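Proteins get letters first, then strands, A, B, ... in listed order; numbering begins at 1 in each. The basis for the numbers below is simple: all heavy atoms, side chains too, and nothing from hydrogens, waters or symmetry mates. Note that the structure is predicted; figures quoted are calculated from it, not measured.
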Amino acid sequence: MTADRVREVTAAQHRKTRPARPPRAGVRLARLYAASRRIPAAVAAIAACAIGLRIALAGHWDSYGALQLPLVFEAGAAAAITVTTASPHGDPERVAGRWLPFLRLAAALALTAAAASALAAAGTGAHLAGGTLDALRNVAGMTGIGLLCAAALGGGLAWAGPTGYLVLGAYGLYTQWHGPALTTPWIWPARPPHDLGAAICAGLVFTLGIAAITVRGARDPAGE
Amino acid sequence: MNVEITGLTRRFGRTTAVAGVDLRAGPGVFGLLGPNGAGKTSLLRMMATAMPPTSGRLRLLGRDPGRYGQRRQIRRRLGYLPQNLGYYPGFTVAEFVEYFALLKEMPAARVQAAVRVAVERVELGGKAKARLRTLSGGMLRRVGIAQAIVNEPELLLLDEPTAGLDPEQRVAFRALLRDLGRRATVVVSTHLVEDVGAACAQVALMDRGKIVFHGTPADLAARGEGHGIGDAPLERGYSAVLTGVRS
């Protein structure tokens, strides 16, 4: 066996025997990250939106109201997700290793999935206008807007994105009754749930938002 | 050399915060003095890899922070305390320090012991389970120092570390600095010249983005001989150098 081969084998054995990162450390880090971002409060806010939607759907609404109502709760859930991007720790956290982008990505994806699931569940069997597909598209799209807002303005102002888009979406729905109707797919709440263009636009915004928040994180005005 | 800086410049729009700084520092405590707006914090942030330079060359711990892989290696070996440390008020002291230890990729088996040691070193052992929201400003500063030293960094950057500390705590902190400086390069940015005199082997004085003096505290004190402004020799040296540069 040549010296190079010995080195290769030793290196391979070293790689095999090197102790893996104990899972508890990862879980602990995720738990501390979640606490510092007030993720439990965001989960509670998402649950409150789902409960609110369920209660609201018990009422009798005309078509216009039935379409706008879910949008309010979807925007609320998206705003709750996006404000969790605000970091209280600033520079020391940003320069402390490689885990932060993964934590940001995991938190945003998990919360978006939780919000879409909770709102879809709240609408099950209760005449949710647009159905599950509509809820998923709207939550993902508005969350994407909020995440982009966080990357540009800071986590503390991330709620402004979904809230502003709620106004635009509600106006888009309003124009369906009082023309001329807005038909651009970028105002996806005004499009039917199976509209491919609207789904692509919402998906694109969500993907961009997730990418921005994973790579850059929320803007930290104090650290600029 | 753990810090090698050549022609480092950082601009914010039309403002030049750091203007072509050259600096080299090995193990030991290095003081960075200067008036407000001199560029100390910007220089420290670039050294902490929190902000890229506009131009110039920066090598930390023999690595180039401009390259992703090398930047990661630097960050694992780095401790940084900014001027304004943010914190989640619901964390306990131990949780806060543990969070940074885990983020800095410390081996999981060593984390708890390292947290305990760091908290003890800043004399907060009795407050390890106290929530950050219940601590005074001086205690929070010490928590910040604990998170910076928890990974036993080879390069420790401290921006105004003694702000908010009482005289007794400052004396203890200077002793801690001297101890840390035996193994690591510690760069301390401060307004307080007495901190430099007591703890630093080397000192640089910045003004308007440039280093206008680099030497030992004794050299700086010698510059102040015959100069009227200032109560202590180092203060007179500080004032004499700045007056000379500005005139």
Under 4.5 Å from any heavy atom of chain A, what part of B:Pro107 do you find: side chain, backbone, both or neither? neither

Where do A:Glu93 and B:Tyr80 land on the side chain to side chain contact (heavy atoms under 4.5 Å, CB included) test, with the steps shown first? CA-CA 9 Å; A:Glu93 184 185 66; B:Tyr80 176 46; over 6 Å; no

In terms of heavy-atom contacts, does CZ of A:Arg98 have more than 12 from other residues, nucleotides or ligands at under 6.0 Å? yes

Output the distance between atom CG (B:Leu157) and atom CG (A:Asp91), rounded to the nearest 0.5 Å. 11.0 Å

Which distance, rounded to the nearest 0.5 Å, do you find between the CZ of A:Arg94 and the CZ of B:Arg75? 9.0 Å

May I ask you to check whether over 12 heavy atoms, not counting those of A:Arg38, lie within 6.0 Å of atom CZ? no

Measure the shortest side-chain to side-chain distance between A:Arg28 and B:Tyr99 over non-hydrogen atoms and say whether it is less than 4.5 angstrom. no

Taking a cut-off of under 4.5 angstrom between non-hydrogen atoms, the residues of residues 100-116 of chain A near chain B are A:Leu100, A:Leu103

Exceeds 12 heavy-atom contacts within 6.0 angstrom, atom CZ of B:Arg183: yes

How long is the gap from CG on B:Leu102 to OH on A:Tyr33, to the nearest 0.5 Å? 14.5 Å

CG of A:Leu29 to CD of B:Glu105: how many Å apart, nearest 0.5 Å? 10.0 Å

Please flag which part of B:Gln147 lies under 4.5 Å from any non-hydrogen atom of chain A: side chain, backbone, both or neither. side chain

For residues B:Phe91 and A:Ser36, report the shortest heavy-atom separation together with the two atoms involved. CZ-CB, 3.7 Å

N-O pairing of B:Glu95 and A:Arg31 below 4.0 Å: yes

Least distance between heavy atoms, A:His89 atom then B:Phe96 atom: CD2-CE1, 3.5 Å

Do B:Tyr87 and A:Pro88 come close enough that some side-chain heavy atom pair is under 4.5 Å? no

Is there a side-chain contact between B:Leu85 and A:Pro92, using heavy atoms and a 4.5 Å cut-off? yes

What are the residues of residues 50-59 of chain A, in order of number, with any heavy atom under 4.5 angstrom from a heavy atom of chain B? none

